[in-house]
Protein chains: 2
Amino acid sequence: MRPTVHDIAAAAGVSLATVDRVLNQRPGVRLVTREKVEAAIREIGYIRDVAAANLAKGRVYPLVFIVPTGDNSFMHGLRSEVHHATLRASIERTDIRIVEVPPFDVPALVSALDAVQGQDIAGVALVATDAPEVRAAVGRLVSQRVPVVTLVSDLTDSARHHYAGIDNIAAGRTAARLLGRFLGGRQGEITVLAGSMLVRDHRERLQGFSDVMAEEFPKLHLRPVLEGRDDPDLARSLVSKALSESRDIIGIYNLGAGNRGLIAALKAVRPERELTVVVHELTQHTRAALVEGTIDAVLNQDAGHEVRSAIRVMKATADGQAVIADQERIRLDIFLKDNLP
Amino acid sequence: MRPTVHDIAAAAGVSLATVDRVLNQRPGVRLVTREKVEAAIREIGYIRDVAAANLAKGRVYPLVFIVPTGDNSFMHGLRSEVHHATLRASIERTDIRIVEVPPFDVPALVSALDAVQGQDIAGVALVATDAPEVRAAVGRLVSQRVPVVTLVSDLTDSARHHYAGIDNIAAGRTAARLLGRFLGGRQGEITVLAGSMLVRDHRERLQGFSDVMAEEFPKLHLRPVLEGRDDPDLARSLVSKALSESRDIIGIYNLGAGNRGLIAALKAVRPERELTVVVHELTQHTRAALVEGTIDAVLNQDAGHEVRSAIRVMKATADGQAVIADQERIRLDIFLKDNLP
DNA sequence: AAATTTCTGATTTACGTACATCAGAAATGG
DNA sequence: CCATTTCTGATGTACGTAAATCAGAAATTT
C-alpha cells in the first residue's frame, strides 16, 4: 500500500499537523524537525496523492488563452480546440477565458497581455507575434509570477515558461527534403508562400527550408517568398501570378495558411502544369487536395495536443511542479494520402 | 459550482443512499424511482468526480502485459515502456505484471492467456500472434468479463475490446509511396524484408505496400519477401544474398525488426550500390543510419504511447466507461533525418 | 388484515489531503 | 526564573464519493 501522511508522521515521530506544515511549506516548524520530516518522506518514498489534494483544496485554475481572429482553417481549429477545453473545465478544474485579438497586431496583443495583470490568473497562453513589445509584456507577466506559455508560435529570447508547438526549423527542413526527394533530381524553380515574416514560426520554417534546399538540392532554385498574410484570396492571386510568370516552377511550399487559395490556383493550371506541392496544416481542404493528388504532402501540428499540453504546463507551473519535457513535446505529423487519420 | 450527489438527491427528492444505488447500479431501487433519479442526473448535468470516486473506492487495477521475449530493439523498448508504467503504478492505481513469452510461439501465448483466468485481473494486454488458438483464448477471457487489449499487433476477428497500435495497412501504403516517390520514376527491383507472416501487423504492412506499389509504381518490381524472423543476423545474410543476386535492386523496405542486420548489409555494399531504404521503428541504430544517410525514412510507432493508451483503455473498460476513440488513436510517425526528436 | 418481501431514508465511516484552531510544550529573552 | 515568543500536537471539518447498516415505509403475497 502506498504511504500516506499518517505514515510520515509515525515514521518521523511528529504529528500530522507538523507533516502538513512541512509538506505545504507553512511556517512554524523548527529546522531540525523539518529535516527529520523530510528525511522520513524520502525514506518511505512518500508521493502526494494529487487527486486527494485537489479534492481537499477545491483548487480551480483560471486560465487565459489569447488567440488571433482570422478565418483561416488552422486558427479556426485552434479556437475550437480551446473551446473544447472549456467543456472539460469542471473535470479539469480549469476556468478558461478566450481573448481574441487581430492577427499580426502587436499593440492589441500587448494590451490583451497587460489586461491580465492584477487579475487572479493561474496562467496565460498566447499565439505570439514576435516583437519586442510583446516580449516586454510577457516579461511583465512573468515577473508577476504568472505562468506564460506560447502556443504555435514562439517568442524569441522571452521569459515565457514554455513553448507548446512544433520545432519549425525542423518542419521547414522536412518540407525541403520531401519536396526535393519527390522531385527526384529534376531541375527547376520552387515557390514559397508564407503568411507573414512577423511571426517567428514562419520565419523559422523558411530558414529550415532554405537551408536544406541550399545544402542538398542545388538544382532547385528558390524564387522570392510570397507573403500571403494567411489570406486565401491573396494567396490565390500571388500564386497564380507567379505560375504565369515562370514556366520553370516545379514545386511549391506553403508554410503558412491560406491553403484554400493555393489549391484554387493549383486547380486552375492543373492538367498542364505538373507541380509537387507541400503545405502545412491538415484541414478539410488540404485533406481533399491530398486525396485527389493536387498536393503531395501535408505537414501538421495537432492543435488539440498543443492546447491540452499548454493547459497541463500552465497548471503544473502554477503549482510549482516540474513538467515532463518528453511528454509535452509536440510532434510534427507528416501526412501523405495513405496515412490520413 | 459543479453539481454533486447531494444536488441530485435534493433535485430528485430522494436520499443520498438511493442516488448512490442508482449511480452504482446496485439493487434496491424501484423502476419509477430509478427513472426519477436518472432524470435529475440528466437535468442538472451531473458528472461523477472520478478522482473522489477512486479515492473513496481505494480501487486498484491489476493488469497483465503479455509481451514477447527477443532481443530486437523494438520489443526491448516496449518492455521498457511497460516497466516504466509500473513505476507510475501507485499514482495510477495500477498493479502491473509483465509476462514474457517466446515470440511467434502460439501455445506459450495461449497458456499465458489461460493462466490469467480465475485471478482477479482488471485487464490483459498482449502482443498478438494471429492464430485461431490465440483468438479462442482471448474469447475465453472476454467471456469471463476480463478486458482484453491487443498491443502493436492485432488479432483478426477476435473479441478483444481494443487494439492499441498503428494502422499497419496504412503504414505499408505510406512506405510504398515514400519509396516510390523518392525513387522518382526510376525502374528497378524492390526487396521487402519481413519478420514473420504469422503476425498480422507484418502481413498488413506487406499488403498495403504491395497494393500501392502495384497501383502507382508499375516500374518498380517486387522481389519475393525475405522472412528474417526479426533476427538481425538472419536479416543480414538474407539481404546480402539478395543484393548479390540482383544488381537491379534499388529499394528496400524492412517492415519488421532486425534493422541492425539490414544496416550492416547495406554498409557492406555502401559506396557502389545506391539504395533507397525505408524501415520501421526508430531505435538508436536506425536513427544513426538515418542521420548518416544509410536509410532514407523511418516509420515509427511510439511504444510509450501504445502502452499508456492500452492502460487507459483497460481501466476504462474495467469500469464500464466509454473510451474516447480519437484520443486513443495511435499515430504513424514518419521520420526523415530532419525531424528526428 | 396480517405477514412477508421489497424498497427507501437516515446516518455513519472511510479514502488522503488541506487547513484552521487552540492548547500546551519548548526555546528564547531578559 | 519568569515572561514571552516560537514551535508542536491534538483535534476537527471539509472536499465528493463509496459503501455499509439499520430502521421504517411501501408494496406484495397469503
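Computed from a predicted structure; not experimentally measured. Every chain is numbered from 1 and lettered A, B, ... according to where its sequence line falls, protein lines coming before strand lines.
If you measure from atom CD of A:Q25 to atom P of C:dA18, you get 11 Å, rounded to the nearest angstrom. Rounded to an integer number of Å, the gap from A:Y46 OH to C:dT17 P is 3 Å. Rounded to whole angstrom, the span from the CG atom of B:L23 across to the P atom of D:dA20 amounts to 16 Å. With rounding to whole Å, B:R21 atom CZ is found 14 Å from D:dA18 atom P. The nearest whole Å value for the distance from the CG atom in A:D20 to the P atom in D:dG9 is 13 Å. Summarising the geometry, the separation between CD1 on B:I41 and C1' on D:dT17 is reported as 13 Å, rounded to the nearest angstrom. Between the C1' atom of C:dC15 and the CG atom of A:D49 lies a distance of 9 Å, rounded to the nearest Å. Rounded to whole Å, atom P of D:dA18 lies 11 Å from atom CG of B:L55.
Pairing each heavy atom of A:V29 with each of A:R34, the nearest pair is CG1-N, 3.6 Å.
Between D:dG16 and B:R48, no contact under 4.0 Å exists linking OP1 or OP2 to a side-chain N or O. For B:S15, no side-chain nitrogen or oxygen approaches OP1 or OP2 of C:dT8 to under 4.0 Å. For the OP1/OP2 pair of D:dA19 and a distance below 4.0 Å, the side-chain nitrogens and oxygens of B:R26 include at least one atom meeting the criterion. Between A:T4 and C:dG16 there is no side-chain polar atom (N or O) within less than 4.0 angstrom of OP1 or OP2.
Map A:A52 and B:V29 each onto its nearest nucleotide of DNA chain C; the residue landing nearer the 5' end is B:V29. Mapping B:R30 and B:I47 onto DNA chain D by nearest heavy atom places B:I47 at the nucleotide closer to the 5' end.
Between the side chains of B:Q119 and B:R97, a donor-acceptor pair is found at a separation under 3.5 Å.
Salt bridge A:E100/A:R79: present, at least one basic N to carboxylate O contact under 4.0 Å. In summary, B:D49 and A:R93 engage in a salt bridge, as defined by a charged side-chain N under 4.0 Å from a carboxylate O.
As judged by a 4.0 angstrom heavy-atom cut-off over every strand, A:A17 is placed among the base-contacting residues. If you check every strand for non-hydrogen atoms under 4.0 Å, A:V50 touches nothing. In this structure, A:N24 reaches the sugar-phosphate backbone alone: every heavy-atom distance under 4.0 Å involves primed, P, OP1 or OP2 atoms, never a base. Nucleic acid contact class of B:G28 (heavy atoms, under 4.0 Å, all strands): base.
In this structure, of C:dA18, D:dT17, D:dA18, it is C:dA18 that holds the atom nearest to the side chain of A:K57.
Summarising the geometry, atom CD1 belonging to B:I44 is positioned 5.0 Å from atom CD1 belonging to B:I8; distances are rounded to the nearest 0.5 Å.
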